Amino acid sequence: MVVVTGRDYRANLAKYFGLAQQGEDVVVKARYGSWKVVPITEDDMIVNKKDLTDELRGALREAKEAMQGKRKLNTLNHLIDELRNTDQ
């Protein structure tokens, strides 16, 4: 584990990003707290609040339509396959 100050971290971002990418734990300590630098992997998903809200509203609409008999819901396997195909 590497523990650095906020100032050192800002001055050497590339160095610490590289260490984190190689699997080294990088902890940044500053007067406002401590943070662990972790690289994002292909399994991680970053979504902003608006996009997440839109997706959830769409899912709720689909569920309501299915309950009213206006729509047939997809199976879990179909949804997983769809997610895999959109990531490529």
Side-chain angles (χ1 to χ4, degrees):
M1 179 187 308
V2 176
V3 180
V4 297
T5 64
R7 178 180 289 189
D8 186 29
Y9 176 72
R10 286 189 309 273
N12 298 290
L13 283 173
K15 172 185 174 182
Y16 296 117
F17 286 164
L19 289 173
Q21 185 68 38
Q22 294 169 10
E24 184 75 38
D25 287 338
V26 177
V27 175
V28 181
K29 294 188 101 171
R31 70 181 98 158
Y32 301 110
S34 298
W35 293 268
K36 182 175 180 183
V37 179
V38 180
I40 294 174
T41 68
E42 65 184 33
D43 293 333
D44 294 322
M45 183 182 296
I46 299 176
V47 181
N48 66 40
K49 185 176 180 178
K50 183 187 179 320
D51 290 344
L52 179 60
T53 301
D54 292 345
E55 287 293 323
L56 291 173
R57 282 193 177 125
L60 181 58
R61 188 177 331 101
E62 286 182 26
K64 287 180 180 178
E65 289 173 0
M67 292 171 66
Q68 297 168 349
K70 298 178 183 177
R71 171 189 287 264
K72 183 178 180 217
L73 293 178
N74 290 321
T75 65
L76 178 59
N77 288 337
H78 180 268
L79 292 172
I80 291 171
D81 289 342
E82 188 175 301
L83 282 172
R84 286 184 181 141
N85 291 332
T86 59
D87 288 343
Q88 297 173 359

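Remember, predicted model here, so these are calculated numbers, not experimental data. The basis for the numbers below is simple: all heavy atoms, side chains too, and nothing from hydrogens, waters or symmetry mates.
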S.K.: With rounding to the nearest 0.5 angstrom, report the CG to CG distance, L79 to L76.
M.R.: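 Going from the CG atom of L79 to the CG atom of L76 covers 6.5 Å.
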S.K.: Ignoring hydrogens, what is the shortest heavy-atom contact between P39 and A20? Give both atom names and the distance.
M.R.: CG-O, 3.6 Å
S.K.: Say whether V27 and F17 are linked into one hydrophobic cluster, either directly or through other cluster members, by side-chain heavy-atom distances under 4.5 angstrom.
M.R.: no
S.K.: Rounded to the nearest 0.5 Å, how far apart are CG of L52 and CE of M45?
M.R.: 10.0 Å
S.K.: Could you give the distance from CZ (R31) to OG1 (T5), rounded to the nearest 0.5 Å?
M.R.: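 Between atom CZ of R31 and atom OG1 of T5 there are 11.0 Å.
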S.K.: Is it true that V37 and I40 fall in one hydrophobic cluster, defined by side-chain heavy atoms closer than 4.5 Å?
M.R.: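 No; tracing contacts between hydrophobic side chains, which count when under 4.5 Å, never links both residues.
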S.K.: Quick one: list whatever passes salt bridge (charged side-chain N to carboxylate O under 4.0 Å, His left out) with K36, sequence neighbours left out.
M.R.: D25
S.K.: Check the side chains of N12 and D8 for a donor-acceptor pair under 3.5 angstrom, ignoring hydrogens and angles.
M.R.: yes
S.K.: Does a sphere of radius 6.0 Å around CD in E55 hold more than 12 heavy atoms from other residues, nucleotides or ligands, not counting ones at 6.0 Å or beyond?
M.R.: no
S.K.: How long is the gap from CG on L60 to CD on E65, to the nearest 0.5 Å?
M.R.: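 Here the rounded value is 10.0 Å.
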S.K.: To the nearest 0.5 Å, what is the distance between CD1 (I80) and CG (N85)?
M.R.: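 Between atom CD1 of I80 and atom CG of N85 there are 12.0 Å.
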S.K.: When rounded to the nearest 0.5 angstrom, what distance separates CG in N48 from CG in D54?
M.R.: 8.5 Å
S.K.: Please report the closest heavy-atom contact between L73 and E62, naming both atoms and the distance.
M.R.: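 L73 and E62 have their closest heavy atoms at CD2-O, 4.0 Å.
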S.K.: Should M1 and V26 be regarded as members of a common hydrophobic cluster, given that ILVMFWY residues are connected when their side-chain heavy atoms come within less than 4.5 Å of each other, either directly or indirectly?
M.R.: no
